[in-house]
Amino acid sequence: MAERSEGMPAREHRRGQGELETQVLSVLGSAPGPVTAAWVQEQLGGGLAYTTVITILTRLYAKGAVTRTRSGRSFEWTPVADGAGLVALRMRKLLDREDDRDAVLSSFVSALSPDDERLLRTLLGESESESEGVAGGLGEEGQGLRGSDVWGGAGGSEGPER
C-alpha cells in the first residue's frame with residue numbers, strides 16, 4: 001500500500017462492508033418520520049460528508065431498503081428494512097444469481113450451527129402454519145419452499161421439529 005503524503009492524515013479505522021448502510025438504517029429507524037439526508041448526517045456525527053450520506057441513501061434506495069419522496073429540491077427518506085432486513089435482501093440477491101438454488105440452500109443449511117438450524121426450522125414451521133404448508137416468499141414466481149425442500153439434503157435432517 002502506498003504511503004500517505006505528509007500532511008494527509010492516515011485513516012484510523014476502515015469500516016466493514018455494509019457498516020455505514022447499517023448505521024444509516026439504524027438512524028432512519030429512530031427517526032420521527034421521513035427525514036432529509038442532512039438530518040441523517042447530523043445524527044451520524046463523525047464528520048461524514050453530506051455526499052457520502054447521499055451515496056449511502058441512494059444505494060439503500062436501489063436495494064429497496066429505503067423509500068424517498070421529493071421535498072423541494074431534495075428528498076425525504078424512510079426505512080423499509082432494518083439491518084436484518086438489509087442482510088436478508090443481500091442473501092436473496094445472492095441466491096437469485098445462482099442456477100442451482102437447491103444446492104445453494106442445501107449447502108447453506110448444512111453449514112449452519114445447531115442453534116441457527118433449530119431457529120431456521122422453527123421459523124419455517126411458523127411460516128408453514130401461517131400459510132398452510134408453504135413458506136411464503138422463498139420460492140420463485142409465487143412458488144414457496146416447503147420445509148422439506150430445504151431440509152431434504154441438509155445432512156440427514158428430517159424436517160422442522162414439531
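- Judged by distance alone, with hydrogens and angles left aside, the side-chain atoms of Ser26 form no donor-acceptor pair with the main-chain N or O of Thr22 at under 3.5 Å.
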Salt bridge (charged side-chain N to carboxylate O under 4.0 Å, His left out) assessment of Lys93 paired with Asp96:
CA-CA 5 Å; Lys93 284 185 179 189; Asp96 286 346; over 6 Å; no
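- Using a 4.5 Å heavy-atom cutoff, the side chains of Asp116 and Leu120 are not in contact.
- Arg92 places none of its side-chain heavy atoms less than 4.5 Å from the side chain of Arg97.
- The heavy-atom pair separating Ala37 from Tyr50 by the smallest distance is CB-CE1, 3.7 Å.
- Contact check for Trp77 versus Tyr61: side-chain heavy atoms found under the 4.5 Å cut-off.
- Test Val66, Val40, Thr52 against Val24 for side chain to side chain contact (heavy atoms under 4.5 Å, CB included) and you get one pass: Val40.
- Between Glu76 and Arg70, the closest side-chain pair of non-hydrogen atoms is not below 4.5 Å.
- Of the possible donor and acceptor atoms, none in the side chain of Ser74 sits under 3.5 Å from a partner among the backbone N and O of Ser71.
- Proximity of Thr78 to Arg68: side-chain heavy atoms (C-beta onward) are nowhere separated by under 4.5 Å.
- Atom CG of Leu94 sits about 11.0 Å away from atom CG of Leu89, to the nearest 0.5 Å.
- At least one side-chain heavy atom of Leu20 sits less than 4.5 Å from a side-chain heavy atom of Leu48.
- Proximity of a side-chain donor or acceptor of Thr36 to a complementary backbone N or O of Trp39 within less than 3.5 Å is detected.
- With values rounded to the nearest 0.5 angstrom, Glu128 atom CD is found 11.0 Å from Arg121 atom CZ.
- Scanning all heavy atoms of the two residues, the minimum distance from Glu117 to Val109 falls at OE1-O, 4.3 Å.
- Rounding to the nearest 0.5 Å places CD1 of Ile56 at 10.5 Å from CD of Glu19.
- The backbone N or O of Asp102 sits nowhere less than 3.5 Å from a side-chain atom of Ser106 that would complete a donor-acceptor pair.
- Separation of atoms CG (Leu25) and NZ (Lys63) is listed at 9.0 Å; rounding is to 0.5 Å.
- The closest donor-acceptor contact from the side chain of Ser30 to the backbone of Val27 lies under 3.5 Å.
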